[in-house]
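Below is one structure, written out as structure tokens; comments come after it.
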Number of protein chains: 2
Amino acid sequence: MSQRNTGVTAQVVNAYACPVREVLDRVAGKWSVQILVAAAHGPIRFTELERGIEGISRRMLTLTLRNLERDGLVTRTVHPTVPPKVEYALTPMAQELHETLQRLTDWAERNRVHIAEARAAYDVEHRPEQLGA
Amino acid sequence: MSQRNTGVTAQVVNAYACPVREVLDRVAGKWSVQILVAAAHGPIRFTELERGIEGISRRMLTLTLRNLERDGLVTRTVHPTVPPKVEYALTPMAQELHETLQRLTDWAERNRVHIAEARAAYDVEHRPEQLGA
DNA sequence: CTGTATCCATCGTGATACTG
DNA sequence: CAGTATCACGATGGATACAG
């Protein structure tokens, strides 16, 4: 793209073997999904997002919003008032995506415990040989 | 975890606001999904994966497989033959995940063009002011 | 065939400070 | 209020070489 890298994946250069990765590259960022979720019920302001998403920095909020906007997933509406008011909303495309992500959430919740157990078992199995104690 | 960081996300420390991120942290790695897809039809060998997934390095293949195994998403079966033969297969849990990811694929394919257009439009709109010439 | 170890370039993200 | 600029650091992943 035109300006220099400001952090956060800028663009996709190579063709994809499978299109899932294409979605993931848009959504796998640390904050993208949470923004999508936060904006799912309706337009939301910058500061509301900042307060609603635990631990996000202003920088990352801006950056992630810009990427989502660039991909046509959110719209940015500036109300020329004093003080300024900017609202972000999901596009129809993003709302579909949000529903699909809900399936992933369901899967995660169904398998959360199972995964945790698998990890624990694996870590016990593969710990650095101080078994005998 | 026990051994030192070898690259690729090691573990999850903090609690999650939403469980989607939990899935994504497991699947957002550059190669995880492609391995899941490649192993979806049935058990597959290390070298088959290596050849089937364009551009993956042996290192990343191993690393990603280990993580998937740790999360209980793939099983690793060693056939004690000469030469050695190792097969990786999806667990039932991973097969469910694979189906869910398929929905994401569908979304991606439906909206691929639309996203590309959004990007193009955005990039034109926000290029670094050398418009006149 | 199926890995592991090491080195290193790059990317993503947080901290902090400044602005219209 | 809603950003942007700069810096710094660890995580991520590629290249390469070695091994059971």
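So that the names make sense, note that chain A is the first sequence line, chain B the second, and so on, each numbered from 1.
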| request: Return the set of residues passing side-chain contact (heavy atoms from CB on, under 4.5 Å) with B:E117 (not counting sequence neighbours), or none when no residue passes. | output: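 B:E117 satisfies side-chain contact (heavy atoms from CB on, under 4.5 Å) with B:V113 only.
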>> So, using side-chain contact (heavy atoms from CB on, under 4.5 Å) as the criterion, who are the partners of A:A118 when residues are at least two apart?
In response: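 Testing A:A118 for side-chain contact (heavy atoms from CB on, under 4.5 Å), a comparison that skips the adjacent residues, returns none.
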Report, one pair per line, the protein and nucleotides 14-19 of chain D atoms (nitrogen or oxygen only) whose separation is under 3.5 Å.
from	atom 1	to	atom 2	distance (Å)
D:dG14	OP1	B:K30	NZ	2.5
D:dG14	OP2	B:W31	NE1	3.3
D:dG14	N7	B:R59	NE	3.3
D:dG14	O6	B:R59	NE	3.1

* Can you name the salt bridge (charged side-chain N to carboxylate O under 4.0 Å, His left out) partners of A:R51, sequence neighbours left out? ->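 Applying salt bridge (charged side-chain N to carboxylate O under 4.0 Å, His left out) to A:R51 gives none.
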Pairing residues for B:E50 by the salt bridge (charged side-chain N to carboxylate O under 4.0 Å, His left out) criterion, not counting sequence neighbours =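 B:E50: salt bridge (charged side-chain N to carboxylate O under 4.0 Å, His left out) contacts with B:R58.
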Can you check the [X] [atom1] to [N] [atom2] distance for me, whole Å?
X	N	atom1	atom2	result
B:E50	D:dG13	CD	P	17 Å
B:I53	D:dG13	CD1	P	13 Å
B:D25	D:dT12	CG	P	9 Å

| said: Please list all pairs meeting salt bridge (Lys or Arg N to Asp or Glu O under 4.0 Å) that have one or both residues in residues 82-106 of chain A, counting only residues at least two apart or in different chains. | reply: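 Residue pairs with at least one partner in residues 82-106 of chain A: A:E96-B:R110.
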Next on the checklist: Less than 4.0 angstrom between a side-chain N/O of B:Y88 and OP1 or OP2 of C:dG3, yes or no?
Outcome noted: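 B:Y88 to C:dG3 OP1/OP2: side-chain N or O found under 4.0 Å.
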I'd like to check the side chain to side chain donor-acceptor pair (under 3.5 Å) partners of A:R76; sequence neighbours left out, ordered by chain and number.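 Testing A:R76 for side chain to side chain donor-acceptor pair (under 3.5 Å), a comparison that skips the adjacent residues, returns A:Y88.
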Requested in this report: With sequence neighbours left out, write down each residue that passes side chain to side chain donor-acceptor pair (under 3.5 Å) with A:N111, or none if nothing qualifies.
Outcome: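 Applying side chain to side chain donor-acceptor pair (under 3.5 Å) to A:N111 gives A:W107.
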Identify the heavy atoms of A:L90 and A:L36 that sit nearest to each other, and give their distance.
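Where A:L90 meets A:L36 most closely, the heavy atoms are CD1-O, 3.6 Å.
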Can you pull out the residues from residues 74-87 of chain B that lie within a 4.0 Å heavy-atom distance of DNA chain C?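 The stretch gives B:R76, B:P83, B:P84, B:K85, B:V86 as the residues lying under 4.0 Å from the strand, ordered by number.
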